[in-house]
Amino acid sequence: MHPTTVKGETMVLVRQEIGDVLRDVRLRQGRTLRQVASRASVALGYLSEVERGQKEASSEILASVADALEVPLSRILREVGDRLAVLEGLSYGELDAIGSTVPDTLPDELVAEFDAVVR
């Protein structure tokens, strides 16, 4: 985790956390940077910079790398979110209080709208 100090204040850089998560997933799988870059059709040097938090990856690049790693993008982003929460000092109770939980039901209006489109 890489908090950065800017003007005397600690700032969390999302690109660094994304890079750390991508690298961690890749290393857990025992894959090389070259293998993932090739499968994702991303330049090796660029992916290296993304993993080191030096470059911001577009959503398309992130999706391509996630696909190359055979991991849902949502899982990568969830892990990034969890790391950011730790850096921000938030507990799971605080996360629940700000509405980060996924509801187990859909609002009736949304169901009705979906039904109307499908019919």
Which value, rounded to the nearest 0.5 Å, describes the distance between [X] atom [atom1] and [Y] atom [atom2]?
| X | Y | atom1 | atom2 | result |
| --- | --- | --- | --- | --- |
| L62 | E56 | CG | CD | 9.5 Å |
| Q54 | L13 | CD | CG | 12.0 Å |
| R26 | L33 | CZ | CG | 4.5 Å |
| T32 | L27 | OG1 | CG | 10.0 Å |
| E17 | D24 | CD | CG | 9.5 Å |
| R34 | L47 | CZ | CG | 11.5 Å |

Over all atoms of both residues, closest heavy-atom pair of A40 and S64: O-OG, 2.6 Å
Smallest heavy-atom separation, A66 atom then P72 atom, equals CB-C, 4.5 Å
Can you check whether Q29 reaches V71 side chain to side chain, under 4.5 Å on heavy atoms? yes
Quick one: does D20's side chain get under 4.5 Å of R23's, heavy atoms only? yes
Excluding sequence neighbours, so at least two apart, what forms salt bridge (Lys or Arg N to Asp or Glu O under 4.0 Å) with E49? none
When you measure from the side chain of R15 to the backbone N and O of G53, does any donor-acceptor pair fall under 3.5 Å? yes
Between I18 and L22, does the side chain to side chain contact (heavy atoms under 4.5 Å, CB included) criterion hold? Intermediate values first, please. CA-CA 6 Å; I18 289 172; L22 292 175; 4.0 Å; yes
Scan residues 65-77 for pairs that pass salt bridge (charged side-chain N to carboxylate O under 4.0 Å, His left out), counting only residues two or more places apart or in two chains. R31-E70, R39-E70
A quick test of your reading: do over 12 heavy atoms of other residues, nucleotides or ligands sit less than 6.0 Å from CZ of R52? yes
